[in-house]
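All remarks here apply to the structure that follows.
Every value quoted in this text rests on a predicted model; they were computed, and no experiment measured them. Numbering of ligands and ligand atoms starts at 1, following listing order.
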Amino acid sequence: MKLHGTMEIKSDTLYIGGVNTVNMAEKYSTPLYIFDEELIRNNCKEYIKNFKVKENGNKVAYAGKAFLPLYMCKLIDEESLYLDVVSGGELFTAHKANFPMEKILFHGNNKTPDEIQMGIKYGVGRFVVDNFYELDIIERLCEEQNKIQDIYFRVTPGIDAHTHKYIRTGQIDSKFGFALTNGDFYLAVEKLKEYKNVNLMGIHAHIGSQIFQVEPFQEEVDVMINLVKELKEKYNIEITEVDFGGGIGVYYTEEDTPKSIKDFCEAIINKCEEKCKKLNINMPTLVIEPGRSLVANAGSTLYSIGSIKEIKDVRTYVSVDGGMTDNIRPSLYQAGYECAIVNKMNNISSNHKVTIAGKCCESGDILVSSTDIFNIESGDILITTSTGAYGYSMASNYNKIPKNPVVFVKDGEDKLVCKRQSYEDLLSLEV
Ligand code: LLP
């Protein structure tokens with residue numbers, strides 16, 4: 001198992017943020033999400049530095065869908081990031097955390113009229129307009145309230161990033177955005193002539209998620225910067241901000257070979273500079289929206305091991321007290337994870353394979369299909385690493401299993417950020 005961030009092994013026990021993980025499992029009980037605050041902050045700083053935020057005024061917007069407790073809103077504000085929200089719920093969270101509303105990008109392919117009204121009322125900085133329906137509503141509501149709203153258009157750039165089909169979004173057959181190839185984008189631009197209460201200041205595209213190579217992003221830069229020039233020449237529209245979305249891949253297992261944050265940032269910025277020079281246009285402000293690459297490796301999940309079922313000559317199932325309710329990614333995307341026993345960090349042997357299973361009533365509730373830990377016993381504490389993105393945010397109450405608490409650790413201290421759901425909480429909405 002790869003050690004991320006501040007993880008270290010001291011006499012066979014795993015520590016994160018200077019905190020003994022066995023003690024954390026005892027203190028908060030399991031299953032438990034544990035986050036390495038220093039690693040998140042360092043990742044933020046890597047983006048701010050390498051995306052030239054201070055130097056060139058570029059913007060890094062954290063994609064809140066990856067993981068958005070109130071505490072994260074505060075943390076990313078302290079680290080000078082913007083925030084991308086996709087629903088009334090995420091917007092409300094940011095509002096409650098006193099996140100500056102002008103630093104919000106409001107995304108979503110089907111924002112409801114209520115959500116749009118909420119965004120206008122709160123004063124969000126930019127709506128990323130996805131379709132004609134939304135454009136009409138924003139215009140109408142802003143006209144009624146005598147406001148002018150800054151917007152981006154979401155473009156479907158026709159780029160096919162090589163990632164899982166459920167998390168690929170840039171190709172033409174997508175529910176997101178205005179397609180370039182069928183002319184929808186230009187129709188939307190034409191419509192702006194009648195609309196007086198929206199200001200098209202930017203264009204946005206997101207080509208997919210968990211992408212390891214820089215080339216698809218460079219292709220995206222090519223399409224988007226061409227568009228900036230075209231909008232100026234054909235429509236006299238000055239695009240001052242170009243948003244390349246998120247999608248930078250991370251390490252989950254040895255099969256994953258992502259480039260560094262620095263490599264991605266440099267590739268995007270260099271390509272933009274080169275392209276703008278070639279087209280003889282000014283560099284716009286550049287925006288990116290990383291989610292996974294800021295938090296995935298910083299989060300881990302601790303579980304207690306319960307039943308161990310050995311089926312001779314077939315397989316050994318080692319079951320834990322969580323599963324697809326706290327990490328849907330293996331069942332949904334066949335995602336791989338690394339794991340270890342935090343109280344027996346050195347017990348690894350390549351010829352002893354076991355399967356780590358969750359506790360849900362689904363045969364597909366398998367967290368790690370094959371791992372080589374040996375001498376596992378009931379009561380041991382298992383960790384799966386890199387569960388920080390799309391774990392808590394995609395958690396469910398299937399089988400009426402309560403959601404895990406979230407603890408942040410740093411410099412030997414632990415801080416409870418989200419409480420464990422209780423059985424009473426589970427019934428709190430029932431009338
Ligand atoms: N911006 C937009 C418009 C997006 O749709 C997304 C992710 C991001 C930014 C952030 O992408 P990231 O840097 O995290 O790759 N649940 C899936 C991932 C879905 C991503 C959806 N959009 C998973 O667990 O792999």
Practice task
Report the C-alpha distance between Arg41 and Glu79 in whole Å, list the side-chain angles of each, state the deciding distance to 0.1 Å, and finish with yes or no for salt bridge (Lys or Arg N to Asp or Glu O under 4.0 Å).
Solution key: CA-CA 7 Å; Arg41 290 192 186 268; Glu79 297 295 339; 2.9 Å; yes
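In summary, of the residues considered (Val124, Val129, Ile138), a side chain to side chain contact (heavy atoms under 4.5 Å, CB included) with Ile116 occurs for Ile138 alone.
When each atom of ligand 1 is checked for a heavy atom of Ala63 under 4.0 Å away, the hits are 8 (C), 9 (C), 10 (C). Close contacts between ligand 1 and His204 involve ligand atoms 3 (C) [criterion: under 4.0 Å to a heavy atom]. The atoms of ligand 1 that sit less than 4.0 Å from any heavy atom of Pro290 are 13 (O). Below 4.0 Å from some heavy atom of Arg292 lie the following atoms of ligand 1, by number and element: 12 (P), 13 (O), 14 (O), 18 (C), 23 (C), 25 (O). In the vicinity of Glu289, heavy-atom distances shorter than 4.0 Å reach the ligand 1 atoms 1 (N), 2 (C), 3 (C), 8 (C), 9 (C), 10 (C), 13 (O).
At least one side-chain heavy atom of Met118 sits under 4.5 Å from a side-chain heavy atom of Phe92.
Looking at Tyr390 next to ligand 1, an N or O pair under 3.5 Å apart turns up. The distance criterion of under 3.5 Å between nitrogen or oxygen atoms is met by Arg329 with respect to ligand 1.
Across every non-hydrogen atom of Asn404 and Leu32, the tightest pair is ND2-N, 3.9 Å.
Listed by chain and residue number, Glu220, Val221, Met224, Val242, Ile268, Cys272, Leu286, Ile288 satisfy the side chain to side chain contact (heavy atoms under 4.5 Å, CB included) test with Phe244 (two or more places apart in sequence, or in another chain). The side chain to side chain donor-acceptor pair (under 3.5 Å) search around Glu362 returns Tyr398, not counting sequence neighbours.
Taking each of Gly64, Gly291, Gly177 in turn, the one with a heavy atom nearest to atom 13 (O) of ligand 1 proves to be Gly291. Which of His206, Arg154, His107 comes nearest to atom 7 (C) of ligand 1 through a heavy atom is settled by distance: it is His206.
Under 4.0 angstrom from ligand 1, the non-hydrogen atoms of Asp84 all belong to its side chain. Heavy atoms of Tyr333 found under 4.0 angstrom from ligand 1 belong exclusively to the side chain.
Using modelled atom types, one finds a donor on one side chain and an acceptor on the other under 3.5 Å when comparing Tyr152 with Glu241. A donor-acceptor pair shorter than 3.5 Å can be found between the side chains of Asp414 and Tyr28.
Using a non-hydrogen distance threshold of 4.0 Å, Ala66 does not register as a contact of ligand 1. Gly247 counts as a contact of ligand 1, since one of its heavy atoms falls under 4.0 Å from the ligand.
More than 12 heavy atoms of other residues, nucleotides or ligands sit less than 6.0 Å from atom NZ of Lys45.
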